[in-house]
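Notes follow once the structure below has been shown.
Predicted model, so just to flag it, every value in this text is computed and none were measured. In what follows, every chain begins at residue 1, and chains take the letters A, B, ... in the order their sequences are listed.
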Protein chains: 2
Amino acid sequence: MSTKCSDCPLRKMDFFAEMSASEVAFMEGFKTGELEAQPGTEIMAQGQSSTHLFTCLEGMGLRHRTLEDGRRQVIGFVMPGDFIGLQAGVMGEMDHSVEATSDMRLCTFNRSELWSLFSSNPTRAYDLTRVAAVEEVFLGEALTAVGQMQARVRIAWALHRFYHRLAAVGLGDGNSVPFPYRQQDLADALGLSLVHTNKTLSALRDDQIVTWTEQRLAIHDFGRLEAEAGVDAAKLVSRPLI
Amino acid sequence: MSTKCSDCPLRKMDFFAEMSASEVAFMEGFKTGELEAQPGTEIMAQGQSSTHLFTCLEGMGLRHRTLEDGRRQVIGFVMPGDFIGLQAGVMGEMDHSVEATSDMRLCTFNRSELWSLFSSNPTRAYDLTRVAAVEEVFLGEALTAVGQMQARVRIAWALHRFYHRLAAVGLGDGNSVPFPYRQQDLADALGLSLVHTNKTLSALRDDQIVTWTEQRLAIHDFGRLEAEAGVDAAKLVSRPLI
DNA sequence: CGATTACTTGAGGCCTGTCAATGATGGTGG
DNA sequence: CCACCATCATTGACAGGCCTCAAGTAATCG
């Protein structure tokens, strides 16, 4: 059974911007259904257009660009509340692929109706642009981490971010969050080799700062993690939910 | 004397998406004036809001994030046609600073009227979102270059991109384009040290592929530059002009 | 129970950063 | 007009962070 937007569990969270009743009603018309995806499923493919756009309702995934020689750059991680397909929507084709890394549930929208969102609901159009701007901020931070930080700092930064982003959507359980990724995914996201990523994670574990096992990430010392990452406590900007 | 949007020299270029007469008329009302900036001027500051938004009409600049320890990550280069201040517009504050590196002329808009753009002109709102999406694509490419490529490839990629982006706005003169940056700027953009950037540029010069002197970038062997950069001939997506 | 996938661990080397010094250029003030 | 200073480009020496190669363990699966 498909969740109605009026019952959407994400929308009530502080992490997401408020939405008026009329906006919710509009979204119920915009939403066309739901899609379930299993780990490994490619939800959108780099270089292709798509008739559908999505919002992640449950589960996690990742965005990546693939190079000719088989290497890839992970450019982001998909978590509940994230919108998928903005580029396909407004530019015709995706510049990256999106793949599920856990079981996922996605709200689906018709791309062909995206224009009606702009023409009939400027508030939602504004929010969609905000989503794009938030994504831009994230990419700027990631670029800064990869360009300027050493391996240990990069990893600490990434794990710190993960924890708080997931906790913000209610997935935190004590000091841990689900984390359905491989070390290779993190390595590809941070521009590090798998081997070096592994050794750095070991060091962080030996220092009793974080542990990452069995698809779960647990933070044992928030203070030191923040110190390692060179960030002050989480300041996640609230974002609109599409 | 301020240029009217109807006379805007940029709008007619193939690089920018078509704009209807009514859209041009709307933009004339949206535009509030022009601003001149000299090299070194900070146009927008990281972490601050702004009452104005801009479009680069002439000249060049760069976007960068500054770290506490003084290092910085250059996250982009501003060239004619680029919109400045999207984040300040929709999120309240910029996540990076924008600074002029040459004399610049900027169209100015009131941030307070951004909402009217969404509510009264969905076509323009759509275009603004496209601008954000294009920026996202660029950041994804940059992240891939910094995360996956070696120094020489990164630099070749960047120079190749610069040339074609500038040529697309009519600044190409034979095989060269204006290039008002320092080697430090390129180094900070690509996550390289100044010294290594310098040595890699020397190598590219010795190999007679490109020369960069006197604020000009000249390409001497396009084929080899593309080969070094691992890209096929330029495929710049057309973008909307705001 | 062989094949596959993911995680670990060790060894060696290179790409790139850091340190340091020198030129080249342009602006400034006496 | 020249000493002085600041900025930027250049070059050499050296070290180190990270990559690559290689091998081994553990867990899952048909």
Side-chain angles (χ1 to χ4, degrees), chain A residues 38-40 62 67 69-74 99-102 144-159 179-207 210-218 228, chain B residues 38-41 62 67 69-74 99-102 145-159 179-207 210-218 228:
Chain A
Q38 286 70 47
L62 53 78
L67 309 179
D69 60 11
R71 285 178 306 167
R72 57 177 201 163
Q73 173 70 38
V74 171
E99 161 186 344
T101 58
S102 76
T144 304
V146 174
Q148 304 297 328
M149 307 304 190
Q150 303 217 124
R152 186 172 166 112
V153 181
R154 283 186 224 177
I155 290 181
W157 169 79
L159 298 183
F179 203 61
Y181 299 104
R182 297 168 303 153
Q183 294 186 353
Q184 184 73 63
D185 297 328
L186 184 61
D188 288 343
L190 298 177
L192 296 169
S193 71
L194 171 61
V195 172
H196 198 63
T197 301
N198 179 286
K199 289 174 180 171
T200 306
L201 284 168
S202 300
L204 288 171
R205 189 187 320 127
D206 293 344
D207 292 344
V210 301
T211 53
W212 171 13
T213 49
E214 303 288 323
Q215 315 250 41
R216 278 198 91 77
L217 171 68
E228 295 278 358
Chain B
Q38 285 72 47
T41 306
L62 53 78
L67 309 179
D69 60 11
R71 286 178 305 166
R72 57 176 201 164
Q73 172 71 36
V74 170
E99 159 186 346
T101 58
S102 75
V146 175
Q148 305 297 328
M149 307 302 190
Q150 303 217 125
R152 185 171 166 114
V153 181
R154 282 185 224 177
I155 290 182
W157 168 78
L159 298 183
F179 204 61
Y181 299 103
R182 298 168 302 152
Q183 294 187 353
Q184 184 74 61
D185 297 327
L186 185 61
D188 288 343
L190 298 177
L192 296 169
S193 71
L194 171 61
V195 173
H196 198 64
T197 301
N198 179 286
K199 288 174 180 171
T200 306
L201 284 168
S202 300
L204 289 170
R205 191 186 320 126
D206 292 345
D207 292 344
V210 300
T211 53
W212 171 12
T213 49
E214 304 288 324
Q215 315 250 38
R216 279 199 91 77
L217 171 68
E228 295 278 357

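With a 4.5 Å cut-off on side-chain heavy atoms, B:L159 and B:F179 count as touching. Residues B:W212 and B:L204 have side chains not in contact (no heavy-atom distance under 4.5 Å, counting atoms from C-beta outward). The shortest distance between side-chain heavy atoms of B:M149 and A:L67 falls below 4.5 Å.
The C1' atoms of five pairs define one axis at each end of the helix from C:dC1-D:dG30 to C:dG30-D:dC1, and these two axes lie 30° apart (to 10°).
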Each nucleotide of nucleotides 24-30 of chain D classed B (base within 4.0 Å of a protein heavy atom), S (only sugar-phosphate) or -, in 5' to 3' order, makes -------

Going 5' to 3' through nucleotides 3-10 of chain C, assign each nucleotide B (protein heavy atom under 4.0 Å from a base atom), S (under 4.0 Å only from sugar-phosphate atoms) or - (no protein heavy atom that close). ---SSBBB

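The side chain of A:S193 has D:dT20 as its nearest neighbour among C:dT16, C:dT18, D:dT20.
Going from atom CG of B:L186 over to atom P of C:dT16 covers 14 Å, rounded to whole Å. Counting to the nearest Å, the P atom of D:dA9 and the CG atom of B:D185 are 8 Å from each other. Taking atom NE2 of residue A:H196 and atom C1' of nucleotide D:dC21, one finds them 16 Å apart after rounding to whole Å. Across the protein-nucleic acid pair, A:L190 atom CG and D:dG17 atom C1' stand 15 Å apart, rounded to whole Å. Residue B:R216 contributes atom CZ, which lies 17 Å from atom P of D:dA9 at whole-angstrom precision. At whole-Å resolution of the value, CG in B:L217 and P in D:dA9 are 14 Å apart.
Listed by chain and residue number, B:M60, B:M104, B:P180 satisfy the side chain to side chain contact (heavy atoms under 4.5 Å, CB included) test with B:S102 (two or more places apart in sequence, or in another chain). A:D69 is linked by a salt bridge (charged side-chain N to carboxylate O under 4.0 Å, His left out) to A:R71, counting only residues two or more places apart in sequence or in another chain. In this structure A:R216 satisfies the side chain to side chain donor-acceptor pair (under 3.5 Å) test together with A:S176, sequence neighbours excluded. The salt bridge (charged side-chain N to carboxylate O under 4.0 Å, His left out) test applied to B:E228 returns B:R152, not counting sequence neighbours.
Heavy atoms of B:G191 sit under 4.0 angstrom from primed sugar atoms or phosphate atoms, though from no base atom.
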Using atom types as modelled, flag every donor-acceptor pair under 3.5 Å from a side chain in residues 185-192 of chain A to any protein atom, sequence neighbours excluded.
unit_1: A:D185; atom_1: OD1; unit_2: A:R72; atom_2: NH2; d: 2.4
unit_1: A:D185; atom_1: OD1; unit_2: A:R182; atom_2: NH2; d: 3.0
unit_1: A:D185; atom_1: OD2; unit_2: A:R182; atom_2: N; d: 2.9
unit_1: A:D188; atom_1: OD1; unit_2: A:Q184; atom_2: NE2; d: 3.1
unit_1: A:D188; atom_1: OD2; unit_2: A:R72; atom_2: NE; d: 2.6
unit_1: A:D188; atom_1: OD2; unit_2: A:R72; atom_2: NH2; d: 3.4

